[in-house]
Amino acid sequence: MNSASNMNGVSLTPAGLALLKNRMVDIAREVNEISDEHLARLANVNTQVVHQYRKNRKSVTLQDSEKIEYAEVKASKKWTKPVLVTISGISKDTIDRMFDCERVRVNSIESVASALRVDPCDLVAASDKGKFGKIVNLSQDAEPKRNDEQQARSLFAHPFQTIIDHKTKDFVGREYVFTEITKFINSKTNGYFTIIGDPGMGKSTILAKYVQDTGCVAHFNVEQDGENRPDQFLESVCKQLIKKYQLPYSLPLPVDAKSDGVFLKDLLKEVAIKRNGKPVVIAVDALDEVDLSSQTNKNANILYLPRYLPNGIYFVTTIRRGVKVPLMTDSPQQIFNLIDYQDQSREDICTYIQNRVNGSRQLRQWIKEQDVTEDNFIDELATKSENNFMYLVHVLQDIEDRKYTDLNLTNLPKGLEKYYEFHWQRKGLNDKPRSNVKMKVVYHLATSRQPITCKLISDYTGETPLRVQDVLHEWLQFLHERPIQGEVCYSIYHRSYWEFLHNDERVKAAGVSLKEINKEKSDFLWKGLLGDE
């Protein structure tokens, strides 16, 4: 499919729209009519328990009854447009425009057709059918992208569901990556497939989408949240394997399961026997963010990943370019470097921008004010992005928020690093005298290994909670905001921004001392522990 046909777009015919709606009804019916075995897997209970439940709900425990009832509700959820948004990965605005028979991008039609298992050519006018290229089936032989069971399962929460949902919002393209993963799995008996790229190129997003589509076991290392130790990885993956493949182990895990990779190796051997000829994929994100200092055996592979893999076991991992980690294996390996696919990345970047423009009146208004065409806007911004999706996330949001009323398209910063510097300057942090409260709040976040509350930052800095909250609000686009034990906590969202803040020249220019900031935290904690003595 060429990019020109994608830009021009296509629209559903009335008959195509009717076919989509009928298919949504059919799939809802298929998902509803699930067997005892299927429902048992969804509810994570024994099949016999489901059989008893369907005969007499009072014959099973309250806990099992609640699990099954929840599974039934989720599995029978009708295929409405919001569900289609989740399954297809297309924005709500694009789905709405599609159902109004307005023109949308070719790949949007393809994504919806794939989710509903229909031929996209049946949805459009005869004159538009030639715009559709051959659709690659990513699931052939490898873990299936979607079958009826997975359609229902996709509505259940993965242990890393929050990350997956956030990363895959507005996801586009990357078929060339998924195709290579599938080829690797289909051609090798086992092995490690590693995706390499620079910060912001979308490594984690690609992995999150793969996990979303396949439902495979996965672990996401996040250094800024302190979720990057080997024991956390082992606990997470072992629990998922036990539940997914119904292995005969009770939780919590044995005491030594998290101390080295022996228990994981044993589980993989058992899973290899129970896999019924299907590949078993374990996705591991951000090997470069792993805390190797907490790994007791310094001679072992990173995260205690096995050197030898049973047949049918595959690891799909990501790591930033230029970082080396200890990983020795006698199994097949393939390195997939995103930097080698600039043309494909550029096309995905253009698709992403077009989708955002299609779904945003604010963006279309700004383009109109610039007196440029949409195609010119997309081409220029794609060039400025340097094929970096994180750059686009920030810049497009800033345009929507009317932060660039004094700038034109030519003046926008080029590249992610320049964007960070641009934002830093716009916030007045290069001014003299500079805002000490902003500096202290930002750098207390940057030096925290766990998400922290506004109140705790206030305690560390000595600033009022109101002033701290104002700074957090200003920096929200760079922060991950989440509730933990009933309190809202904050952390730096992306490692690239964390590294920007920790750059030696940046720290020096900011006039802060990381050593002094850490001492402030330590003094406060000791005071809380020992009082004023």
Side-chain angles (χ1 to χ4, degrees), residues 3 6-9 11 81-82 84-86 88-105 107-108 111 165-173 200 202 205 346-416 418-428 470 472-481 493-494 497:
S3 57
N6 220 345
M7 290 291 185
N8 294 333
S11 60
K81 282 200 279 186
L84 190 57
V85 167
T86 301
S88 67
I90 304 301
S91 71
K92 179 181 179 300
D93 286 334
T94 301
I95 293 291
D96 287 339
R97 293 173 62 243
M98 187 185 300
F99 273 64
D100 289 338
C101 293
E102 296 180 16
R103 298 186 78 80
V104 296
R105 293 178 66 80
N107 68 341
S108 297
S111 296
D165 288 344
H166 189 85
K167 294 287 186 184
T168 56
K169 183 177 182 292
D170 298 324
F171 184 90
V172 297
T205 297
R346 168 87 181 197
E347 184 169 345
D348 288 343
I349 285 284
C350 290
T351 300
Y352 177 84
I353 300 171
Q354 181 70 69
N355 286 351
R356 288 290 301 272
V357 170
N358 289 346
S360 172
R361 291 187 182 89
Q362 295 95 323
L363 288 178
R364 294 195 294 273
Q365 178 62 32
W366 195 82
I367 294 170
K368 184 178 179 181
E369 292 169 359
Q370 299 298 308
D371 196 25
V372 296
T373 66
E374 283 191 10
D375 285 354
N376 287 340
F377 172 78
I378 291 168
D379 185 65
E380 181 69 19
L381 195 60
T383 299
K384 285 183 175 293
S385 76
E386 299 178 340
N387 286 351
N388 193 293
F389 280 90
M390 184 58 62
Y391 170 92
L392 292 177
V393 169
H394 290 311
V395 170
L396 289 172
Q397 188 61 56
D398 284 350
I399 293 175
E400 286 186 307
D401 293 341
R402 306 295 293 176
K403 293 181 180 178
Y404 295 153
T405 55
D406 58 332
L407 295 179
N408 57 37
L409 184 57
T410 305
N411 298 140
L412 292 179
K414 183 176 182 179
L416 186 61
K418 291 294 184 184
Y419 172 79
Y420 289 153
E421 292 178 3
F422 175 78
H423 176 271
W424 188 265
Q425 184 174 349
R426 299 274 285 196
K427 292 299 181 182
D470 286 343
L472 291 173
H473 180 74
E474 274 193 80
W475 258 259
L476 202 54
Q477 69 186 99
F478 301 114
L479 306 181
H480 194 179
E481 180 184 31
Y493 169 67
H494 199 265
Y497 192 63

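We number each residue from 1, following the sequence as shown. Excluded from the calculations below are hydrogen atoms, water molecules and symmetry mates; all remaining heavy atoms, backbone and side chain alike, are included.
Residues N388 and G200 approach most closely at OD1-O, 3.2 Å, considering heavy atoms. R346 and T383 make their closest contact through NH1-OG1, 3.0 Å (heavy atoms, listed as atom of the first residue, atom of the second, distance). Considering all non-hydrogen atoms of both residues, S11 and C101 come closest at CB-O, 3.5 Å. K384 and T410 make their closest contact through NZ-O, 3.1 Å (heavy atoms, listed as atom of the first residue, atom of the second, distance). Nearest heavy atoms, I349 versus S385: CG2-OG, 3.8 Å. Residues G173 and D348 approach most closely at CA-OD1, 3.5 Å, considering heavy atoms.
Separating the CG atom in L392 from the CD1 atom in I353 is a distance of 4.5 Å, to the nearest 0.5 Å. Between the OG1 atom of T351 and the CZ atom of R105 there is a distance of 4.0 Å, given to the nearest 0.5 Å. In this structure, the separation between CZ on R97 and OG1 on T94 is 6.0 Å, given to the nearest 0.5 Å. Put simply, NZ on K414 and CD on E380 are 8.5 Å apart, with the number rounded to the nearest 0.5 Å. Rounded to the nearest 0.5 Å, atoms CD1 (I399) and CD1 (I367) are 7.5 Å apart. Atom CG of N376 and atom CD of Q370 lie 12.0 Å apart (nearest 0.5 Å).
Remark: side-chain polar atoms of R364 are paired, donor with acceptor, to backbone N or O of N358 under 3.5 angstrom. T168 places no side-chain N or O within 3.5 Å of a backbone atom of F171 that could act as its donor or acceptor partner.
Looking at N355 and D170, their side chains never come closer than 4.5 Å, going by heavy atoms from C-beta outward. Looking only at side-chain heavy atoms (C-beta outward), D379 and D375 stay at 4.5 Å or farther from each other.
Residue R402 places its CZ atom among more than 12 non-hydrogen atoms of other residues, nucleotides or ligands, all under 6.0 Å distant.
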task: Apply the test side chain to side chain contact (heavy atoms under 4.5 Å, CB included) to residues V393 and Y352: give CA-CA distance (whole Å), side-chain angles for both, the deciding distance (0.1 Å), then the verdict.
output: CA-CA 10 Å; V393 169; Y352 177 84; 3.6 Å; yes
_Verdict with reasoning, T205 to F389, per side chain to side chain contact (heavy atoms under 4.5 Å, CB included)_ = CA-CA 10 Å; T205 297; F389 280 90; over 6 Å; no
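Under the rule for a ring-ring contact (aromatic ring centres under 6.0 Å, His included), Y391 has no partner lying at least two apart in sequence or in another chain. Residues forming a side chain to side chain contact (heavy atoms under 4.5 Å, CB included) with D401 (at least two apart in sequence, or on another chain): Q397, K403.
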